[in-house]
*Asks:* 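There's a structure below that I have some questions on.
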Amino acid sequence: MRTGLLGAGLVRGWKVRVGLSVIGFFVLLALLGPWLTASVPGLDPRANDLTAIGLPPSAEHWLGTTQFGQDVLAQTIEGARGSLFVGFLSAVIGTALAILVGLPAGYFGGRTDSWLNFLSNLFIVMPVLPLILIVAGYMQGTGLWVIALIIGFFGWSGGARTIRAQAMSVSNRDFVLAMRTLGEPHHRLLFHEVLPHLTGWIAAMFLSGVIGGVMAEAGLAFLGISDSGAISWGTMIQAAQQQSAVLRGMWWWFVPPGLCIALVATAATLVNFGVDELANPKLRTVRRSVVRRTQDRAAETAAETAAETSVGSDA
């Protein structure tokens, strides 16, 4: 019931609608990207046109060309596939690990919680960025799969702490304690009673993981730790930086991928805010009270206007 109400509320929230529309557009662009670049003439992201080097946006090249004569629009379309692949895969891995560690830690407590909480704290205090740089640098050239695995493997600990705290809260509620007393199996309580109450937190965690994955991939590519043969928004920015596109005034080379990253991050944040408003009772209460006050003020204003109009007509 809670999940159904959450889904119905998501459809009505404007933040979620806008965010999902933007994310859906980029996902569709990533899925249809290979077909577009293969079927439309001049949209080959790897083709070098020596007669069109460093050209600004025009009717022939909508987003201009790079210093190597490559079409920026074609690379932006192809880059959506690489960046979103890393973002979604790293988010899936990080969210799955957070659930596997945080859910049993909060539900069982005791020694299980101690060991799993120790594991989470160990990953939290680890210098994640240097470790990612070392591992990704050691495995340089292995492709976007490995980049996504590394980002997801090192990015789950904070979410596991959140899931642990929420699972501990839900597990101590009366209906869960009563079902435990009646001998209900633990796996049923975990996946049918406790986990459905955490869907809002998990959705928010997943979207944050997508943002983190896209940003981390762009950061690693900017530092030169990425597959040189792969095309993503991060590798586009890194290539523009290496060729001094900023100093040359070639803004059309780095602005499109940077803008796409910003749009994806903004869209995921909007969906995150919408989910949080529906999943957090305090935010729902504040929102209802604000709407009620606004409606009361509008009614009072309408009544005063009607009264003034009536007095004026009587005069």
*Asks:* Out of V170, I202, I163, which one pairs with L103 under the side chain to side chain contact (heavy atoms under 4.5 Å, CB included) rule?
*Replies:*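 Answer after filtering V170, I202, I163: I163.
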*Asks:* With sequence neighbours left out, what residues match F118 under ring-ring contact (aromatic ring centres under 6.0 Å, His included)?
*Replies:* none
*Asks:* Write down the atom of S83, the atom of E217, and the distance for their closest heavy-atom approach.
*Replies:* OG-OE1, 3.7 Å
*Asks:* State, yes or no, whether a side-chain contact exists between D71 and P45 at a heavy-atom distance under 4.5 Å.
*Replies:* no
*Asks:* Is there a path from L177 to M168 through hydrophobic residues (I, L, V, M, F, W, Y) whose side chains come within less than 4.5 Å of each other?
*Replies:*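 No, no single cluster joins them.
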*Asks:* Closer than 3.5 angstrom, by distance alone: can the side chain of N121 be matched with the main-chain N or O of N117 as a donor-acceptor pair?
*Replies:*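 Flag set: sc N121 to bb N117 pair under 3.5 Å.
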*Asks:* May I ask you to decide if the ring planes of F206 and F88 are parallel, tilted or perpendicular, using 30° and 60° as cut-offs?
*Replies:*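 Tilted.
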*Asks:* What pair of heavy atoms forms the shortest contact from S171 to V176, and how long is it?
*Replies:* O-CG1, 3.6 Å
*Asks:* For F25, give me all partners under ring-ring contact (aromatic ring centres under 6.0 Å, His included), at least two apart in sequence or on another chain.
*Replies:*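 In terms of ring-ring contact (aromatic ring centres under 6.0 Å, His included), with neighbours along the sequence ignored, F25 is linked to no residue.
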*Asks:* Evaluate the criterion side-chain hydrogen bond (donor to acceptor under 3.5 Å, both in side chains) for residue pair T66 and Q75; output intermediate values, then yes/no.
*Replies:* CA-CA 10 Å; T66 68; Q75 290 206 332; 5.5 Å; no
*Asks:* Heavy atoms only: give me the nearest G213-S90 pair and the separation to one decimal.
*Replies:* CA-OG, 3.5 Å
*Asks:* For a quick test of reading the model, state the closest non-hydrogen atom pair linking A98 to A160 and the distance between them.
*Replies:* CB-N, 3.5 Å
*Asks:* State, without any angle test, whether S208 and N272 hold a side-chain donor-acceptor pair at a distance under 3.5 Å.
*Replies:*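 There is such a pair between these side chains.
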*Asks:* Check whether any side-chain N or O of T65 sits under 3.5 Å from a backbone N or O of A52 as a donor-acceptor pair, and report yes or no.
*Replies:*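 Here the side-chain-to-backbone pair exists.
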*Asks:* Does R164 use its side chain to pair, donor to acceptor, with the backbone of G102 at less than 3.5 Å?
*Replies:*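 Checking the backbone N and O of G102 against the side chain of R164, no donor-acceptor pair under 3.5 Å is found.
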*Asks:* Looking only at the aromatic ring of each residue, does the gap between the centers of H186 and F191 stay below 6.0 angstrom?
*Replies:* no
*Asks:* Does any N or O in the side chain of S244 come within less than 3.5 Å of the main-chain N or O of L247, such that one atom is a donor and the other an acceptor?
*Replies:* no
*Asks:* Output yes when a side-chain donor or acceptor of W156 lies under 3.5 Å from a complementary backbone atom of S120, and no otherwise.
*Replies:*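 Looks like no, no N/O pair under 3.5 Å.
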*Asks:* Where is the tightest heavy-atom contact between A218 and I261, given as atom of each residue plus distance?
*Replies:* CB-CD1, 3.8 Å
*Asks:* Does M215 have more than 12 heavy atoms from other residues, nucleotides or ligands lying within 6.0 Å of its CE?
*Replies:* no
*Asks:* Who are the salt bridge (Lys or Arg N to Asp or Glu O under 4.0 Å) partners of R248, not counting sequence neighbours?
*Replies:*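 Expected list: none.
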*Asks:* Is the side chain of T112 donor-acceptor paired with the backbone N or O of F108 at a distance under 3.5 Å, no angle test?
*Replies:*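 Side chain of T112 to backbone of F108: no pair is present.
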*Asks:* Heavy atoms, side chains only, cut-off 4.5 Å: are F254 and M236 in contact?
*Replies:*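 No. Closest side-chain heavy atoms not under 4.5 Å.
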*Asks:* Does a sphere of radius 6.0 Å around CD in Q242 hold more than 12 heavy atoms from other residues, nucleotides or ligands, not counting ones at 6.0 Å or beyond?
*Replies:* yes
*Asks:* Hey, what do you get for CD (E193) to OH (Y107), rounding to the nearest 0.5 Å?
*Replies:* 9.5 Å
*Asks:* Hydrophobic clusters here meaning ILVMFWY residues chained together by side-chain heavy-atom distances under 4.5 Å, can you tell me if L100 and L190 are in one?
*Replies:* no
*Asks:* Give me the atom names and distance for the closest heavy-atom approach of I23 to A267.
*Replies:*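 For I23 versus A267, the nearest heavy atoms are CG1-CB, 3.7 Å.
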*Asks:* Using ring centroids (six-membered ring only for Trp), state whether W233 and F26 fall under 6.0 Å.
*Replies:* yes
*Asks:* May I ask you to decide if the ring planes of F154 and F123 are parallel, tilted or perpendicular, using 30° and 60° as cut-offs?
*Replies:*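 Rings of F154 and F123: tilted, as their planes differ by 30° to 60°.
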*Asks:* Can any side-chain N or O of T95 pair as donor or acceptor with the backbone N or O of V92 at less than 3.5 Å?
*Replies:*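 No; zero donor-acceptor contacts below 3.5 Å.
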